[in-house]
Amino acid sequence: MKNIIEFLKKNIVPIMFIIICSICVPISGFSVTYMINEVMTRLTRNAFLILSLLIPIMAGMGLNFGMTLGAMAGEIAIVLVSDWQIWGIPAIVLACIFSIPISILLGLFCGKMLNMAKSREMVTSYIISFFMNGIYMLLMLYAMGPIIPIKHTSIKLPRGYGIRNTVSMLNNRQCIDNALAFSVGGVKIPVLTLLIIAAMCLFIIWFRKTKLGQDMRAVGQDMEVARSAGIDVEKTRIIAMVISTVMAGFGMVLYVQNLSSFSTYSSHSNVGMFAIAALLVGGASVDKASIGNVFLGVILFHTLFIVAPTVGTKITGDSMVGEYFRVFISYAVITIALIMYEIKKRQQKSNAGKLLAEAQNKEEQ
Amino acid sequence: MKERIKNIIAEFGISRLIIVGFILFMFALAPVSGNKISTLLSNVANRFAWNGLLVLSMVPMIHSGCGLNFGLPLEIEAGLLGVTIAIEMGFTGNEAFLAALTIATPFAILFGTLYGFLLNKIKGGEMMIATYVGFSAVSLMCIGWVMLPFKNPVIVWGYTGKGLRTMISIENYYYEVLSGFLRFKLFGVTIPTGAILFFALIAFGIWAFLHTKTGTAMTAVGSNPTFAKAAGINIDRIRMLSVILSTWIAAIGIINYQQGFGYVQLYTAPYSMAMPAVAAILLGGASVNKASISNVIIGTILYQAIVTTTPNVINSLINLDISDVIRIIVSNGVILFALTRKIEEPKK
Amino acid sequence: MNKRRLFFIAGTLLAVVAICVLCFIIGRGHTLYLDNKSIENTSYSSYNAIDLVYKGEKVTTLAARERSSISFTGQSVTITLGIKKSKSSSVEEKTVTFKVPYNMDGIVINLPAYLDGADESVYMSEFVSMAIVDETNVDDEVPVTDEFAIEGAEEEQ
Amino acid sequence: MANNNAPLLEMKNIQKSFYGNQVLNDINITLNEGDVLGLCGENGAGKTTLMKILFGMEEIAETGGYGGEICFNGEKVDFKSPFDALNAGIGMVHQEFSLIPGFTATENILLNREPLKRNVISEVFGDRLNTLNYNEMTGRAENAIEKMGFKIDPKMVIADMPVGHKQFTEIARELSKENLRLLILDEPTAVLTESEADALLQSIKSMSERGVAVIFVTHRLEEIMTVCNKVVVMRDGLVVMDTRAEDTDVKKITKAMVGRDVESVDNKSVGTDETAETIMSIKNLWVDMPGETVRNVSLDVKKGEILGIGGLAGQGKLGVPNGIMGLYEAGGTVVFKGNEIPLNSPRKCLDSNIAFVSEDRRGVGLLLDETLEWNIAFPAMQIQNKFLKKLFGGLIKWRDEKAIKEVTDKYIDELQIKCTSSKQKAKELSGGNQQKICLAKSFALEPEFLFASEPTRGIDVGAKSLVLEALRKLNKEKGVTVVVISSELEELRGVCDRIAIVSGGEVAGILPASKSSEEFGQLMVSKVI
């Protein structure tokens with residue numbers, strides 16, 4: 001009985017979500033194929049991004065709210081590539097390659113900053129994402145055009161410099177999804193994207209077996225012991241951050257190729273926040289996350305995401321309630337996960353007292 | 001003499017010197033760009049009166065060691081509830097202001113107690129959780145604004161008659177009730193005396209509180225919690241008190257902000273209220289566990305100066321609407337700077 | 001950084017650069033504009049009707065004075081034309097390939113001139129978009145900065 | 001290899017001083033291959049500092065380095081960091097575990113020395129992307145464990161391991177280093193059960209047969225006799241005994257460890273009159289204080305006496321006051337002047353006039369960023385509403401700055417605290433003066449009962465005698481019952497009427513201060529767990 005309660009306590013968030021989904025989905029009245037189709041597209045769209053969160057958790061840096069930096073790098077690369085009128089899969093490949101140097105730069109900056117704010121990584125990475133958002137806007141609104149040559153009017157703002165609010169992806173929309181896609185019973189299965197995501201999972205599993213992966217796990221659990229064993233803690237944490245940012249860059253490119261257009265100035269901050277919420281819904285915690293959490297999380301979180309507005313309208317007759325309910329659920333999930341992590345951290349300290357009391361009356365008998 | 005200058009600079013902090021230099025540079029450019037310095041200054045004075053209290057609400061929690069109060073949006077909701085209910089009950093003109101304050105107080109105490117109880121449970125991880133508690137509360141309230149049974153046509157959506165509007169003008173309610181009071185011109189600069197007096201009153205209240213027995217206990221809890229515990233202080237009770245105090249000031253602060261700004265902003269407006277207030281108090285020289293009233297005053301003036309002068313000056317000079325970007329970079333840059341400072345642990 | 005490592009790194013860099021160049025070439029998008037118009041004071045006059053078939057799929061039939069476009073990636077494009085010179089003549093199939101210079105986004109081909117054997121300078125010209133500045137969404141000016149992912153729900157998440 | 005007739009390790013006239021007080025003077029130790037040297041001595045005798053010098057810990061270099069010479073393997077060496085020592089072949093197992101909880105034993109044993117396999121990606125991106133060679137790792141770990149002699153499961157994760165196994169994992173880790181020539185064990189048996197301790201002694205024997213020298217730092221004198229062939233006893237930074245194990249026995253070692261040349265200890269105490277009524281009685285107290293766990297202490301304190309509580313470090317003596325004052329989780333019953341005081345709440349003790357001077361000055365005792373005035377006046381203000389002006393009929397209690405300044409200046413000259421003014425920040429004072437501030441803080445409470453925990457630790461000699469004098473004065477003139485907790489036996493014998501010795505989390509015995517230090521020494525090591 002004890003370990004059942006333990007199991008329940010540990011996975012309170014996924015269980016809660018399963019219950020909510022099982023209530024909302026029937027109410028929404030969507031057909032099964034529609035649901036599966038929707039969840040499949042969102043799964044392929046977001047999975048890569050959420051996978052990029054695993055490495056920093058493994059290295060003990062908590063939830064990487066700074067992943068929006070990687071997303072920004074991906075967006076900058078996409079904008080450049082579409083300005084050079086490159087279409088289809090070559091455009092996606094080029095965008096990924098071009099996002100690497102930018103991601104590395106941003107990852108280094110973020111890693112250095114987090115090393116200066118040890119024990120406060122998450123808040124700092126959260127603020128870094130806003131700070132970098134400011135610099136990103138400076139770059140996109142004022143530097144693109146005069147400094148970085150942008151030819152096409154479809155991308156440039158009418159005033160001649162700066163990038164439009166929304167950049168269209170029409171000429172390379174779903175180019176990867178459709179590549180080897182086939183549909184089974186009305187559900188489109190984008191095989192190539194799934195292959196890419198599977199390759200990423202293999203990389204993470206393989207990475208855990210490398211020396212660097214082992215060092216990261218050691219640093220994540222106890223920095224002092226790792227340092228006394230000779231591991232360069234600072235460098236390892238920075239590498240973890242760089243890898244995560246590069247992966248987030250790729251994830252963003254994959255995410256954007258699925259849409260017909262993306263909003264240059266806001267989609268990266270949405271993406272970051274919803275990826276973290278999805279991961280936590282999958283049962284991950286601030287110091288432990290597995291690939292299983294990613295997929296369970298994506299499916300559960302996005303099922304609710306699809307269903308919420310319609311359920312909201314059905315219950316309250318106002319579609320806005322569904323929208324707000326969706327945003328509330330994401331924030332609530334992150335809050336609960338953070339609170340449980342802090343409480344669990346303080347709990348280990350307090351049960352030593354009980355042992356002593358038991359030891360004493362054992363002595364008396 | 002050189003020695004004195006050196007420790008003034010160290011005391012004032014190099015980063016703040018850069019920002020002050022930047023602002024002076026802006027003021028120097030003002031005449032060239034065609035706006036009068038006096039209008040700029042009155043702008044700063046006006047916005048100081050609006051935001052002063054919101055920044056002041058940071059002090060109690062930083063003082064008692066709860067860290068930077070990113071949960072400000074939750075506290076602002078208490079104030080918004082006070083206003084909407086006051087208007088719903090038909091108060092108009094200046095009584096609406098007083099009614100809003102009185103109604104907001106019970107909500108502030110309720111929200112403060114819940115929020116304080118939660119923060120006591122998670123000592124150490126306050127800042128991150130406060131942020132998301134704030135956001136959850138605001139998004140929950142968005143649902144609330146739609147569902148709660150408000151009838152008064154002034155504030156309810158015109159066509160559906162259900163759910164509150166996002167922006168409610170308080171033109172004939174308590175607009176400028178404080179700022180307008182004894183307003184006078186000091187060689188061209190309009191000073192909203194009423195609002196500044198209101199701020200001064202609350203600030204004096206805080207200053208006085210910090211001189212009382214419980215106030216001293218709160219400072220001790222902030223600077224070394226184990227010392228306070230050894231001296232018999234009930235840490236959780238003091239932290240709870242600081243959170244309730246901060247919630248109450250924030251609730252009052254948002255109502256004061258509205259009387260200056262002229263509109264009540266509901267739904268998603270509170271989201272973006274936390275960052276400016278945190279940036280302002282850090283700009284004033286506060287650290288993650290030490291903040292004083294002078295930090296609030298200096299910080300708010302500096303921050304508002306940046307936010308108001310840069311757009312007017314730069315726009316007219318090189319007609320580039322860059323102010324929004326600069327605001328984001330500066331405010332988040334300052335917070336980042338504070339977070340990466342090493343706060344010396346009491347043990348070291 | 002021993003010799004061996006340097007060799008491998010150089011190898012990978014080269015491979016990456018090669019991939020980029022390849023992508024630039026095969027990925028470069030162009031648009032081919034086809035006119036079935038006569039050109040004044042020349043002998044080339046529009047045909048009765050020309051069918052356009054691209055990659056086995058019938059794109060459209062160009063009547064006189066009509067223009068249509070095909071967008072494609074890569075430097076050259078092959079299309080088959082079903083040409084009816086006049087109302088009564090039979091349809092003559094002809095497969096043609098056009099090479100597009102790298103720096104041009106789009107080129108305009110005047111079919112009658114091309115089919116009647118005119119030289120390149122006559123039948124081909126660069127397509128210059130009239131830089132139509134659509135005043136419609138001028139409110140682009142104000143960047144939508146949704147700092148807190150609040151309007152997260154607006155574009156299909 | 002250097003000429004192998006020279007001894008493996010020679011430490012010649014080693015000197016070390018911390019902030020002015022001499023911790024080690026003129027230490028000479030020689031050690032040959034395969035020797036097992038038992039190193040023992042009271043706390044503060046300097047043995048841990050000596051081992052830190054040998055192991056090249058950064059702490060030593062940071063606090064001014066050391067005098068004298070170390071020759072290892074015949075060559076003169078000066079280790080700047082633990083890594084130099086490790087490369088030279090010296091391993092050290094510290095008291096607190098340095099293990100990664102989530103890793104298996106194998107991963108811990110080979111931490112940062114894992115055997116790797118090359119792969120395509122690591123060719124390009126660098127060696128850190130080589131994959132771990134798992135079966136080689138298990139192989140190496142197994143023979144390290146077997147070399148160590150005690151069977152532990154290499155696959156088990158440290159977090160689920162019993163405490164003893166963790167210690168063996170660390171030893172196996174040091175043994176897995178091929179070039180290991182000398183292993184330092186710092187009180188390894190403190191956490192082991194009987195059977196595990198014997199297994200450890202067995203593995204030390206097998207190590208020495210294989211030519212690995214071992215320095216075995218412990219309080220358990222019988223273990224030294226069974227396994228060591230050389231014994232070194234240190235006291236007050238001096239080597240007082242350096243003989244072969246056969247020529248000595250437990251009794252001689254204890255005498256060397258504790259016995260001073262008994263100069264006249266001016267103990268003015270008149271001894272406790274047994275007839276005085278008990279002011280505080282403690283029954284089956286347990287306290288969960290990390291490193292100072294109290295298991296089952298029962299003790300009665302007589303009114304008006306100065307009771308000393310002594311014992312070795314880590315045996316629980318510091319846990320007693322911290323537990324009673326509610327700073328650490330505690331259980332049991334404490335009766336003060338007839339009525340029972342609930343535990344785990346500092347307020348209740350302070351309300352019944354019990355004050356506490358903490359051993360952790362900087363962490364618990366002081367508000368480092370506040371002025372001396374606040375530090376001294378704060379507890380009295382909070383608990384007894386002293387130094388407060390009543391405004392509007394007591395509705396608001398306002399800080400009475402004048403009264404606070406008065407009481408601060410009173411104690412500044414009474415305890416001769418060297419400071420620029422009462423407004424100076426506490427962190428700017430020297431150790432001795434900070435301790436006086438903590439004392440003044442408790443005196444301001446005008447307590448009836450005072451716990452003073454390690455009042456003289458880490459302060460200069462001048463301040464020491466002044467602090468002890470102040471405690472004696474408080475007891476004599478104001479009749480305050482004082483309990484002094486200290487690890488320096490001589491000091492307790494100088495100021496207390498009776499001394500209780502805590503060992504293994506329990507009271508080993510209570511003796512009048514006039515008893516000889518050997519008897520106290522016996523009590524100290526009697527129940528060492």
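Note that the structure is a prediction, hence the values are computed from the model and not measured. Proteins come first, then strands; the chains are lettered A, B, ... in the order of their sequence lines, and each starts at number 1.
- Separation of atoms OG1 (C:Thr31) and CD (A:Gln85) is listed at 7.5 Å; rounding is to 0.5 Å.
- More than 12 heavy atoms of other residues, nucleotides or ligands lie within 6.0 Å of CZ in A:Phe203, so this atom counts as buried by the packing criterion.
- Counting non-hydrogen atoms of other residues, nucleotides and ligands closer than 6.0 Å to NZ of A:Lys235 gives a total of 12 or fewer.
- C:Cys20 is listed as a side-chain neighbour of A:Ile97, based on a closest heavy-atom distance under 4.5 Å.
- Residues of residues 21-29 of chain C placed with any heavy atom under 4.5 Å of a heavy atom in chain A are listed by number as C:Cys23, C:Phe24, C:Ile26, C:Gly27, C:Arg28, C:Gly29.
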